[in-house]
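All remarks here apply to the structure that follows.
Everything numeric here is computed off the predicted structure, so don't read it as measured data. Read the numbers this way: they start at 1 and go in the same order the structure lists the ligands and their atoms. In what follows, residues are counted from 1 in the order of the sequence shown.
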Amino acid sequence: MKELLERKKGLHRSILIVDDEFIEREMLGAMLCDLYEIMYAENGIAALDILKQRKKIPSVVILDLHMPELDGFGLLKIIRSDSELRRIPVIVLTSEKGSEVECLKMGAADFITKPYEAPEIVRARVEHSVELAEDSVIIHETERDELTELFNKEFFYEYGKRLDEQNQIPMDAVVIDINRFHIVNELYGKDYGDLVLKRVGSSIHELVRSTGGLACRSGSNSFAVYIPHDSGLKENLSRYIDRMCEKIGDKNISVRIGIYLDDGSGFDMERRFDCASLACQRLRSSYTTCYAFYDAELHGKELYAERLIKDMDRALAEKQFKVYYQPKYDIRGEKPVLSSAEALVRWQHPEFGMVSPGQFISVFESNGLIQKLDRYVWNEAAAQIRRWKDTFGVTVPVSVNVSRVDIFDPMLGEKLTVLLKNNGITSENLLLEITESAYTDNAAQIIETVSALRDMGFRIEMDDFGCGYSSLNMLTSMPTDALKLDMAFIRDICTDTKAARLVGIIIEIARLLEVPVIAEGVEIKEQMELLKELGCDIIQGYYFSRPVPPDEFAVFLTENKEDAYAYN
Ligand code: C2E
Ligand code: CA
Ligand code: CA
């Protein structure tokens with residue numbers, strides 16, 4: 001552990017490069033030798049010798065796949081099944097698309113393609129893998145977070161529960177998040193970010209010392225504090241928070257605080273923190289420090305969510321969910337041509353009336369029920385494509401939303417195949433929208449799933465593009481067939497020249513990636529014309545139509561019939 005901690009501070013990092021080609025080894029070594037001490041091995045056996053000697057455990061192993069003696073696949077397998085070695089991230093060198101997925105499946109942390117990309121890309125990939133691996137070891141394997149010396153989450157909950165069992169006194173839960181922390185990190189560097197975390201941590205120590213209780217660093221930029229109940233908690237807290245901000249001395253840093261005050265309802269520790277987090281989530285990342293309490297309104301929302309969950313199965317059985325369709329128009333030619341539609345679900349609830357997806361999708365996402373709903377919608381959409389084909393003789397591709405959990409479903413491809421078959425349509429007819437943030441959350445899994453789906457002939461549209469913090473570097477390795485620009489970018493393009501330029505830049509990026517850009521949320525003609533000028537390919541929005549029930553959608557099919565045959 002000590003060795004790892006030292007490495008974390010930038011000391012003694014080394015890398016093992018395993019490749020049978022001398023030139024390749026040297027080239028890679030040259031790109032990385034100022035960051036790391038480099039060790040070389042010409043095949044898997046030689047690499048294993050070095051690893052087994054354990055004199056120096058490398059921070060990362062960079063591994064060629066094809067080598068004599070013991071090849072990359074073999075070595076990767078050995079490393080991943082060894083309890084000591086498995087912590088070392090392995091980056092695979094590959095020149096074939098197919099093996100990337102296989103290596104990620106086998107537990108590789110990342111891959112670098114041959115011929116090598118620009119040195120900065122290679123270096124960034126290596127550094128990223130090293131940091132991720134070191135963070136996870138340090139945060140998970142010690143009782144305390146190295147940086148702030150607060151407990152880590154696991155121990156925090158363990159000790160908190162013990163405290164509850166022994167003392168049985170009312171306890172309040174507080175969640176503290178640093179606003180826009182990733183931006184602080186990006187703008188001022190990781191060292192500065194660390195300093196901010198330390199200072200926040202030290203103020204929380206002070207607080208807990210004075211009130212009793214315990215605290216942890218619960219995420220990269222979030223903290224949890226469990227303290228004996230105090231009806232004047234907010235005043236007490238604000239004193240510490242003010243002092244903390246003074247100590248940090250940076251007006252750009254602020255925190256948001258969610259509080260659950262013990263009200264005798266007997267919630268367990270986890271439930272209390274769920275309530276505090278819920279309150280905290282209500283405070284959007286802002287520039288000022290702010291507080292929110294878990295209160296009657298939030299409680300009401302929770303009850304509503306619980307009711308929706310309870311009613312869901314019946315709603316599915318009774319077909320209370322209605323799928324609406326919103327057209328997407330291709331604006332590249334002289335006149336707009338219908339290119340596809342997006343399926344958007346609504347809930348015709350017997351008691352609440354028409355409920356919009358904004359109310360229930362996130363509820364179903366948080367407990368996995370979304371998978372059932374998504375499948376229902378996909379089925380409806382597939383059946384609709386068939387019906388339109390039969391009635392109007394045109395095939396309108398329909399895009400459906402694919403949730404994060406769907407991506408983890410090993411049966412996803414199979415389920416989709418069955419659905420296509422049942423409805424007599426093909427994979428080109430059903431477009432899949434995956435939100436960009438899913439891509440950034442779990443790159444390896446997404447690459448695997450999306451690549452497999454594309455191999456099956458599905459086209460993937462990256463939804464809400466611009467909201468998920470994809471780095472440019474990452475984008476180039478992300479398989480996608482279209483970028484769907486988030487609505488927020490479109491809103492002000494006609495009044496704000498900066499907003500328009502930003503959209504222009506994103507369209508340029510899409511050109512670079514050789515994929516079309518879809519703009520959604522286009523409400524007025526001026527937006528449409530400006531987007532056309534900027535080179536946008538496809539438009540979706542109220543300007544053309546709101547999402548409508550299938551029978552109303554038929555109008556778009558008939559008016560476009562002569563052009564729409566292009567999609568058959
Ligand atoms: P989204 O996928 O980004 O869908 C676009 C949303 O923008 C839709 O809201 C649509 O009605 C709305 N919209 C379209 N054009 C305009 C416009 O010109 N102006 C404005 N202000 N809004 C416009 P909707 O239908 O309320 O859906 C909200 C979100 O719910 C969707 O965002 C999607 O994330 C989710 N959703 C909807 N149906 C499904 C589904 O079947 N499965 C899953 N997983 N999510 C769904
Ligand atoms: Ca969508
Ligand atoms: Ca979207």
Output yes when a side-chain donor or acceptor of [X] lies under 3.5 Å from a complementary backbone atom of [Y], and no otherwise.
X      : Y      : value
Asp177 : Arg256 : no
Arg454 : Pro479 : no
Glu514 : Arg511 : no
Ser222 : Gly219 : yes

Worksheet item: Does Glu365 reach ligand 1, in the sense of a heavy atom lying below 4.0 Å from it?
Response: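 Contact absent.
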
Worksheet item: Does ligand 1 have any atom that is closer than 4.0 Å to a heavy atom of Glu523?
Response: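 It does, in that a heavy atom of Glu523 comes within the 4.0 Å cut-off of ligand 1.
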
Evaluate [X] for polar contact with ligand 1, using N/O atom pairs at a separation under 3.5 Å.
X      : value
Val345 : yes
Asp374 : yes
Asp463 : yes
Arg346 : yes

Worksheet item: Is Asp463 close enough to the Ca ion (ligand 2) to have an N, O or S atom under 3.0 Å?
Response: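 So Asp463 does bind the Ca ion (ligand 2) by this criterion.
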
Discussion item. Quick check on the Ca ion (ligand 2): does Glu342 put an N/O/S atom closer than 3.0 Å to it?
Written reply: yes

Worksheet item: Numbering the atoms of ligand 1 from 1, which are under 4.0 Å from a heavy atom of Val377?
Response: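 Under 4.0 Å from Val377, ligand 1 has these atoms: 41 (O).
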
Worksheet entry | Atom indices of ligand 1 within 4.0 angstrom of Pro357 heavy atoms, with elements | 24 (P), 25 (O), 26 (O), 27 (O), 28 (C), 30 (O), 37 (C)

Response to the item:
Among Leu344, Thr435, Val405, Val323, the residue with a heavy atom nearest to atom 10 (C) of ligand 1 is Leu344

Worksheet item: Out of Arg546, Met487, Gln527, whose heavy atom sits nearest atom 7 (O) of ligand 1?
Response: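 Result: the heavy atom closest to atom 7 (O) of ligand 1 is in Met487.
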
Worksheet item: Would you call Glu520 and Lys484 a salt bridge, taking side-chain N to carboxylate O under 4.0 Å as the test?
Response: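 Counted as a salt bridge, because a side-chain N and a carboxylate O are separated by less than 4.0 Å.
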
Worksheet item: So, Asp464 versus Thr435: side-chain donor-acceptor pair below 3.5 Å or not?
Response: yes

Worksheet item: Vertex the Ca ion (ligand 2): angle to OE1 of Glu433 and OD1 of Asn401, to 10°?
Response: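 Glu433 OE1 and Asn401 OD1 form an angle of 100° at the Ca ion (ligand 2).
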
